[in-house]
Amino acid sequence: MKRRATVHPRPHSPTYEALLRAGRRVRPLQQVHARIVVAGHHRTRSLLTKLLTLILCSSSSASGSIAAYARTLFLSIPEPDTFLFNSLITLAAKSGRPADAIVLYRRMSAACLEPSNYTFTSVVKACADLSASRTGRVVHSRVISNGFDSDVFVQTALVVFYGKTGDLHHARKLFDRIPNRTVVAWNAMIAGYEQNGLPEEAVAIFQSMQVAGKEPDSATLVSLLSACSQLGALSLGLWVNDYLVNKGLELNVVLGTALINMYARCGHLEKARKIFNGLQERNVVAWTAMISGYGMHGHGHQAIKLFQQMKSSGLSPNDVTFVAVLSACAHAGLVSEGQEAFASMRRDCGLVPRVEHQVCMVDMLGRAGLLDEAMLFIREETRGLPGPEVLTAMLGACKMHKNFNLGVEVAEHLLAIEPGNPAHYVLLSNIFALAGRMDRVEKIRNVMIHRHLKKQIGYSLIEIDQATHVFRMGDTSHRQTMEIYKYLEELIDKIKEAGYVPETSAALHELEEEEREFALRFHSEKLAVAFGLMNTSKNSFIRIVKNLRMCNDCHLAFNFISLVSGREIIVRDKHRFHHFKQGLCSCQNYW
DNA sequence: GTAGGGTTAG
C-alpha cells in the first residue's frame, strides 16, 4: 500500500498536541496555557492563536469571566497576524456572531494586515447573515482589488451574499463567471432563487446542473424540494424522493422536513405524515412543518393534537410553531383554542407575539364573524398602531362578512399607510362590488390606472403525466383550447341543472364590462379543471395549484363539479387547500 | 482554518 504522506505533513509539537487533547474544555485549556507560559512559549503566536480559538468555541465561552480571559489572551499575543484574525473572524462568522466578524475585519484592516481568501469568505458570509448589503458590496470591491475574485470559495460566498440580500441579478452574474463550479456553488445559486420566491429559476439551475453532470447532494435536494413546495410540483418532488432513496442518502431531519413540507404543500398530507412518523430525530422545525401542513389542509384539531404531542415530547415551540398553530385554528374556526394558544405564547413560552401572530388572530376572529372582537384585539395588541398586514387581514374579514362600513374605514386607514399596494385596492373594490356600489368600483379602478397599479395576474397549474399545464383567465394558448372551452360550457350547463347559480359579484371589479361574462366562466381554475377532467382517468384525483385565492364563484362551481363528475378535486390556492368531494369542500366554505 | 440546506400569517 502506498504511503499517504499528505495526511501527516508535519508532527505537531507536544504543546500543540496537548492543546488538541484539551479540546473545548476551559479548565484543561487553561492548564495547557500555564504550560505554554512555563515553557517560555508565551510569545509563540501559533500556539496562542490555537488556544484562543479553542477557548472561544469552548462550552463556557458565553460566561463573562471566560470572555475577559479570552480578551486578555488576545491582547497578550504579540503582533497579531492575518492568520490570527482569520481564525477569529471565521469563528465569529460560524458561531452566529456575524457583527463581531465584521468588527474584527475592520480592526484587521486598521492594523494594515492584508486580508486573504480565508478572510474574505468569512467576512462575506457574515455580511450575508446580517443582510448587510452596503458593507458586503464594499467588501466585494476589496475582494476584486486584492485579486481574490477568482477564488471559488470567495465567489461562492459572494453568490450566497447576493442571494441573501435579494440581489439575484448580481448573484447570477457572479455564478455564471465561476469556471469550475463545485456542488456548493450550484447549491448556493439554487438556494438563492428558491429563498427569494423564484422556484422556477431554482429548478432551471438544477436542470443545468444535471446537464453539466454535477451530482446533487442532500443540500441540493433540500433546496429543490423547497422549490417544489412553492410550485406545487408533485412530480418533481416525487422524483427527488426516489432519487434520494436510490442514492441511499440518509434521511436526516433537514431532508425529512423538506420532504414533509413538499408532500403537504403538494396535497399529499398522508404521505407527509408517513415521512414524519419515520423520522429518527424530530426537532421543532420538523414538528412545525407537520403542524403547518395540517393547518393549511383545514385539519385544525389534528394540528392542535400534534402541537400537544410536541410539547409532551419535551420540545418548546418557537414563534413559527405558534404561527402554524394559530393559522390552523383560523382556518378551522377553532376560536377558543386559538385564543388559548395565543395566551400561552407569553405565559408558558415567554414569546412576544409578533405581527404574524396578530394577523392570525385577526384573521381567526374575523373569519368567525367576530368583527368587533377583531377590532378590539387590534386596538389592544397594536396599541392603536396596526401594521398594514394586520389591517389587510381585517379588511379580508370585512369582505367575507360583507361589512361595508367597517370595510371602508379599515381600507382608508390601510391605503393611507400603503398607497402603492394594488392588492388593497382590489380588496376594497371587491367590497364595493359586493355592496353594489359600482360607482365606487369604477372610481377605484380609475385611481389604479392613474397610479399605474396593476393587480396580480391569476393562473392555475395542473400536472398530467408529469407535464405541467398553465392556464390564465380566458387563456386560448393551449393546443386543446377548442375542446377545453366546449367541455367547460357543457360542464357549466350540467352544474346549473344541479343547482349552481353563478355568483357574479366577484368578477365585476376586475374587468371591463364586456369581458365580464366571459371572464367569470373562464377563470383559470375552471379551465384547468376542465382540462383535468378531460385528460385523466375516472378514479384519479384532480390537483390544481392556483397563485391567488379562489373566488367565491369558482369555489361554488367546484363544489358542484365534484358532485356531477363524481371526482375528487384538490385545489391549493394562495392560502390553503380545498378538497372538493361529492359536492362539499373541506373548508366548509370557511376560507 | 475556507462556501451551501428544512418550519412562518394575510
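For clarity, every value in this text was computed on a predicted model and none was experimentally measured. Numbered from 1 within each chain, the chains take letters A, B, ... in sequence-line order. Note: hydrogens, waters and symmetry copies are ignored here, and every other heavy atom, side chains too, is used.
- Relative to the ring axis of A/F85, A/R107 does not place its NZ or CZ within 45° and under 6.0 Å from the centre.
- Going from atom CZ of A/F342 over to atom C1' of B/dA9 covers 13 Å, rounded to whole Å.
- The shortest side-chain heavy-atom distance between A/V32 and A/R21 does not fall under the 4.5 Å cut-off.
- Per the geometry, NE2 belonging to A/H413 stands 21 Å off P belonging to B/dG10, to the nearest Å.
- Of the residues in residues 352-362 of chain A, those placing a heavy atom less than 4.0 Å from an atom of DNA chain B are A/R354, A/E356, A/V359, A/C360, in numerical order.
- In this structure, A/H331 places its NE2 atom 12 Å from C1' of B/dT8, rounding to the nearest Å.
- Taking atom CG of A/D81 as the reference point, atom P of B/dG1 lies 14 Å away to the nearest angstrom.
- A/Y425 places a side-chain heavy atom less than 4.5 Å from the side chain of A/L415.
- Between A/H424 and B/dG10, a side-chain N or O to OP1/OP2 separation shorter than 4.0 Å is absent.
- Spacing between atom CH2 of A/W287 and atom P of B/dT8 amounts to 17 Å, rounded to whole angstrom units.
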Working note: A/K247 + A/E215, criterion salt bridge (Lys or Arg N to Asp or Glu O under 4.0 Å); need CA distance, chi angles, decisive distance, verdict. CA-CA 11 Å; A/K247 285 277 166 189; A/E215 193 167 318; 3.3 Å; yes
So if I define the base as every atom that isn't primed, P, OP1 or OP2, how would nucleotides 2-7 of chain B read as a B/S/- string at a heavy-atom cutoff under 4.0 Å? BBBBBB
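- Put simply, CE on A/M400 is 12 Å from P on B/dG10, counting in whole angstrom units.
- As rounded to whole Å, 14 Å separates atom C1' of B/dT8 from atom CG of A/D363.
- Between A/R367 and B/dG10, a side-chain N or O to OP1/OP2 separation shorter than 4.0 Å is present.
- The interatomic distance linking A/L395 (CG) with B/dG10 (P) rounds to 14 Å, in whole Å.
- Below 30°, between 30° and 60°, or above 60°: for A/H299 and A/Y294 the angle between ring planes is above 60°, a perpendicular geometry.
- Nucleic acid contact class of A/F120 (heavy atoms, under 4.0 Å, all strands): none.
- In this structure the side chain of A/K50 never reaches within 4.5 angstrom of the side chain of A/T15, judged on heavy atoms.
- Put simply, the side chain of A/L236 reaches to within 4.5 Å of the side chain of A/W239, judged on heavy atoms.
- In this structure, A/T392 reaches neither bases nor backbone, as no heavy-atom distance under 4.0 Å exists between it and the strands shown.
- Ring geometry, A/F342 versus A/F377: the interplanar angle exceeds 60°, so the pair is classed perpendicular (tilted spans 30 to 60°).
- The side-chain heavy atoms of A/H140 and A/Y162, taken from C-beta on, include a pair separated by under 4.5 Å.
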